Amino acid sequence: MIQVSQLAEFDFYKNFRLAAGKKGLGRRISNVIIMEYESVIRDYSGFNEGDFVMTSLFFAKQDESLVKDAMMHLLNLGVSGIAIKTVTFQSISREILDLVDEREIPVFYFDTVYMEDIIIAVAEFQKTEDQYSYFEKIIDDLLTFQGKQELIETLLTQNQLSREYFYSALYIGTNTEGHTGRNLRLINKLFYDIRKYQDSMNFISMRYRGGVLLLFYYEEERVDCGPDMSSLLDKLNFYWEDMSVSAADVLTEAGKLDDLLKSCLYTEKIRKKKGIKRLSYSELGIKKYLLPYMGSFVVDAALEQLSVIEEYDRKHESVLFDTLNVYVQNGCLIRPAAEALYQHPNTIRYRISKIAMLLHMEDSREFDFFSKLMIELKELSSISSL
């Protein structure tokens, strides 16, 4: 169910004016319904708690006392909101508005919008919201559960996609951290704009975790998916200031869609940690080869080795782990690492030899390779837990 405050995302809302009940904007709408003659016959059985009620108050044109009677019935029912079309009355009494504020039920005035159009718009939005939750759960299950082929089949069937196709993925999010309302409006608008291009550009789109997840599909395995992704992003360039992009720019067969989605969403986590606006899976370097092994015994064993260094630092108040990290970031070269840490090269050389001793690695090439591997795995481990 959507909240009353989410009506602000619709085009018709520009005709709405909030008259009272601002504290109730968080109420959830269970249904949108019209009230016309119910007050005349004193029958409110068709209204329920959570309804968002629209009315022209035409039934009270000859007897204004019916306005208060109708409003009191709706307030007592606990409706989520009331929208009054100002064709009969331009406003309602201050006494009623005070009661509305007390009950914290929003009341709006509007004029030129057809009530039926509002009902259709909200119903379509709710349908999309339900689909969003449905597909989000499928994707979550696909990334975490065994027996994935059945979930893949569901995802393909629901979107009328073929197992014979090859797929790539794109995730579009926002850069507007901390602006929840603005993010929601931006993603909703972005989602609807993206869907305009679906049929002509061979992709499907789903809202997922505060962003939009797209699956591009191709009949041939060797098609380069990069130009299609770039073409879509060019069409959305007016979002560029607020938009972030992570791409799994590889082609994958349908049976491995779970790996494709995981690659795309890991790319998004790495992009976010790096603080950049755009990142592709093909740009991840060694990380893309390590991702499939996260959570395995080999990876856990490698991270256990790092914990030996971190434990040593805790006991001796040393900085071996930080030194190793800087050493790896500087190409496993002593002098650049020393300059980065403002230390004498001999100090860095001593620390590295101490780390090698703790890891029982005397061969320098083996040590450098394993050090790079451990640091990469450490970063991936922190990202996968975000």
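In this text the structure is predicted, and so the values were computed from the model without any measurement.
Atom CE in Met229 sits 7.5 Å away from atom OG in Ser280 (nearest 0.5 Å).
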Throw together a table of side-chain donor-acceptor distances under 3.5 angstrom for residues 358-370, partners on residues two or more places apart or in other chains.
{"unit_1": "Asp363", "atom_1": "OD1", "unit_2": "Arg365", "atom_2": "N", "d": "2.9"}
{"unit_1": "Asp363", "atom_1": "OD1", "unit_2": "Glu366", "atom_2": "N", "d": "2.9"}
{"unit_1": "Asp368", "atom_1": "OD1", "unit_2": "Tyr327", "atom_2": "OH", "d": "2.8"}

Could you pull out all donor-acceptor pairs under 3.5 Å where a side-chain atom in residues 252-265 meets a protein atom, sequence neighbours excluded?
{"unit_1": "Asp258", "atom_1": "OD2", "unit_2": "Lys148", "atom_2": "NZ", "d": "3.4"}
{"unit_1": "Ser263", "atom_1": "OG", "unit_2": "Asp259", "atom_2": "O", "d": "2.9"}

Identify all side-chain donor-acceptor contacts of residues 105-113 below 3.5 Å with residues at least two apart in sequence or on another chain.
{"unit_1": "Tyr109", "atom_1": "OH", "unit_2": "Ile92", "atom_2": "N", "d": "3.0"}
{"unit_1": "Thr112", "atom_1": "OG1", "unit_2": "Asn15", "atom_2": "OD1", "d": "3.0"}

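Shown here are the side chain to side chain contact (heavy atoms under 4.5 Å, CB included) partners of Ile120, two or more places apart in sequence or in another chain: Glu124. Under the ring-ring contact (aromatic ring centres under 6.0 Å, His included) criterion, Tyr350 pairs with no residue, sequence neighbours left out. Not counting sequence neighbours, Asp11 has no partner by the side chain to side chain contact (heavy atoms under 4.5 Å, CB included) test.
A 4.5 Å side-chain heavy-atom check between Arg349 and Thr347 finds every atom pair outside the cut-off. Two residues are said to be in side-chain contact when any heavy atoms from C-beta on lie closer than 4.5 Å; Leu306 and Ile309 meet this criterion.
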Where do Asp140 and Lys137 land on the salt bridge (charged side-chain N to carboxylate O under 4.0 Å, His left out) test, with the steps shown first? CA-CA 5 Å; Asp140 284 342; Lys137 185 177 187 309; over 6 Å; no
Residues Arg335, Asn330; criterion side-chain hydrogen bond (donor to acceptor under 3.5 Å, both in side chains); working and verdict: CA-CA 9 Å; Arg335 188 167 296 278; Asn330 284 275; over 6 Å; no
Go through the steps for Gln343 and Arg351 under the test side chain to side chain contact (heavy atoms under 4.5 Å, CB included), then give the verdict. CA-CA 11 Å; Gln343 297 289 331; Arg351 292 178 185 174; 3.9 Å; yes
Can you list the steps and then say if Glu268 with Arg209 is a salt bridge (charged side-chain N to carboxylate O under 4.0 Å, His left out)? CA-CA 11 Å; Glu268 164 63 10; Arg209 300 298 177 198; over 6 Å; no
Could you go through the side chain to side chain contact (heavy atoms under 4.5 Å, CB included) check for Phe59 and Met35 one step at a time? CA-CA 9 Å; Phe59 59 82; Met35 180 181 72; 3.9 Å; yes
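In the model, Ser205 has a side-chain atom that pairs as donor or acceptor with a side-chain atom of Gln198 under 3.5 Å.
Distance alone, capped at 3.5 Å, places no donor-acceptor pair between the Ser318 side chain and the Arg314 backbone.
At a threshold of 4.5 Å between side-chain heavy atoms, the hydrophobic network of Ile, Leu, Val, Met, Phe, Trp and Tyr places Leu333 and Leu324 in two separate groups.
No salt bridge links Glu104 with Lys22; every basic N to acidic carboxylate O contact stays at or beyond 4.0 Å. For Lys378 and Glu310, the salt-bridge test passes: some basic side-chain N is under 4.0 Å from an acidic carboxylate O.
Figure legend: Lys269 and Tyr266 shown as a cation-pi pair, the cationic atom lying under 6.0 angstrom from the six-membered ring centre and within 45 degrees of its axis.
Ring geometry, Phe12 versus Phe16: the interplanar angle falls from 30° to 60°, so the pair is classed tilted.
Put simply, the residue from Phe166, Tyr167, Tyr281 that forms a side-chain contact (heavy atoms from CB on, under 4.5 Å) with Val250 is Tyr281.
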